[in-house]
Amino acid sequence: MSNLDMGEVKVLRRLTIPQLHEVPPVASGPVAPPQPVEGLGEVAITYTCIGGCFGDIIQGVARLVEDDPDDPLPIVIPATETMGGGPFMAPVADAGPQGLTWGEDRVLYVGNSTANGEYNTADLVQATVAVVHNFPARVTASAPVSPAHLLVAVEGGALYRYNVITKESELVTELGAHVTGLSHDSFSGLVYASMSSLEVLAVEPFTGVFEVFATMPDKGRVAVSPSGKLYYVPAKYLQAQEGMIQSWDLPAAI
């Protein structure tokens, strides 16, 4: 895998605050501690290639298996070679699978693994891989916004809301530029979109209303942190300054 480029890294984490579904017993004795949710903390990454790969090295989506030293990064979604015209405007960064994200159901979603615009899944529980939807253009970013919905950006800046149950999508809004990354803030419900224009937009995923939240120093991606900050990380091949990472405070009240 040393000949391939790493595209995105995504960690499976809780997306919503746990809700109470039953009235807790008041006098029925001690309550057992909650059991950990299977899969939380799992890591997935994309490997891409722009046509200069050698041998039979497979690009695609890999899963980190920390307790397997012989095969710590097995490919779970094999990919064919695909290319696009954005969002980074550089062949090395605009190739292969993009839009990697975890659904709340522990299913991996990613675009362009089989063809531009095709949305692919890897169900780690069922051990299946499938094409579940066809978007009108190459996928550049995606993020979960509810247990049933993902927000998906395609080349050019159109945002679609994809329903993982019905497997249908609807156009939410047009952002006017390529989207490099999407990250959901479960506190406010907003999705932060990093743009090829260097703007960071705060987007309401169910109405499509958006506004400028910040400006990045260079092309890169943003990610919401549990610490209450939005972090920016530059695209390695495009950054003007090595290690140029910064953060902004997220709103503490709605």
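All of these numbers come straight from a predicted model, not from anything done at the bench. The first residue of the sequence shown is numbered 1, and numbering continues consecutively from there.
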(message) Taking V110 as the starting point, is it possible to reach V131 by hopping between hydrophobic residues whose side chains are less than 4.5 Å apart?
(response) no
(message) How close do F213 and P251 get, counting heavy atoms only, and between which atoms?
(response) CE1-CD, 4.3 Å
(message) What verdict does the side-chain hydrogen bond (donor to acceptor under 3.5 Å, both in side chains) test give for N120 and T114, after you've listed the backbone C-alpha separation in whole Å, the side-chain angles of each residue and the deciding distance to 0.1 Å?
(response) CA-CA 8 Å; N120 312 89; T114 44; 3.1 Å; yes
(request) Let me see the working for R138 and T82 under side-chain hydrogen bond (donor to acceptor under 3.5 Å, both in side chains), right down to the final yes or no. (result) CA-CA 9 Å; R138 179 177 169 81; T82 58; 3.1 Å; yes
(message) Can you give me the closest heavy-atom contact between R221 and S194, atom names plus distance?
(response) CA-OG, 3.6 Å
(request) Mind checking the CG-CG spacing from L159 to L175? Nearest 0.5 Å is all I need. (result) 4.0 Å
(message) What's the separation between atom CE in M216 and atom OG1 in T180, rounded to the nearest 0.5 Å?
(response) 4.5 Å
(message) L190 vs F210, test: side-chain contact (heavy atoms from CB on, under 4.5 Å). Steps then yes/no.
(response) CA-CA 9 Å; L190 296 174; F210 63 89; over 6 Å; no
(message) Could you check whether H184 and Y192 have their ring centres less than 6.0 Å apart?
(response) no
(message) According to a hydrophobic-cluster definition based on side-chain heavy atoms being under 4.5 Å apart (Ile, Leu, Val, Met, Phe, Trp, Tyr only), do V129 and W102 belong together?
(response) yes
(message) For Y162 together with H133, are the ring centres under 6.0 Å from each other?
(response) yes
(request) Decide whether V172 and L201 are clustered together by the hydrophobic rule: side chain heavy atoms of Ile, Leu, Val, Met, Phe, Trp, Tyr closer than 4.5 Å, transitively. (result) yes
(request) Applying side-chain contact (heavy atoms from CB on, under 4.5 Å), run through N134 and Y119 and close with a yes or a no. (result) CA-CA 6 Å; N134 286 279; Y119 208 44; over 6 Å; no
(request) Identify the heavy atoms of V145 and L151 that sit nearest to each other, and give their distance. (result) CG1-CB, 4.1 Å
(request) Identify the heavy atoms of P205 and R161 that sit nearest to each other, and give their distance. (result) O-NH1, 2.8 Å
(request) Flag the pair H178 / S197 as yes when at least one side-chain heavy-atom distance between them is below 4.5 Å, and no otherwise. (result) no
(request) Would you mind reporting whether H149 and F206 have side-chain heavy atoms less than 4.5 Å apart? (result) yes
(message) Restricting to non-hydrogen atoms, name the atom on G85 and the atom on E155 that form the minimum distance, rounded to 0.1 Å.
(response) N-OE1, 2.9 Å
(message) Test of understanding: clusters of I, L, V, M, F, W, Y form through side-chain heavy atoms closer than 4.5 Å, transitively. Do V107 and V132 belong to the same one?
(response) yes
(message) With a 4.5 Å cut-off on side-chain heavy atoms, are V76 and L108 touching?
(response) yes
(message) Go through it in stages, so that I can follow the logic: the residues are V61 and L100, the test is side-chain contact (heavy atoms from CB on, under 4.5 Å), and I'd like the CA-CA distance, side-chain angles, deciding distance and then a yes or no.
(response) CA-CA 8 Å; V61 178; L100 178 68; 3.8 Å; yes
(request) Mind running side-chain contact (heavy atoms from CB on, under 4.5 Å) on V139 and V152 for me, showing each step along the way? (result) CA-CA 7 Å; V139 173; V152 180; 3.9 Å; yes
(message) Assigning hydrophobic clusters by single linkage (Ile, Leu, Val, Met, Phe, Trp, Tyr; side-chain heavy-atom cutoff under 4.5 Å), is L150 placed with F135?
(response) yes
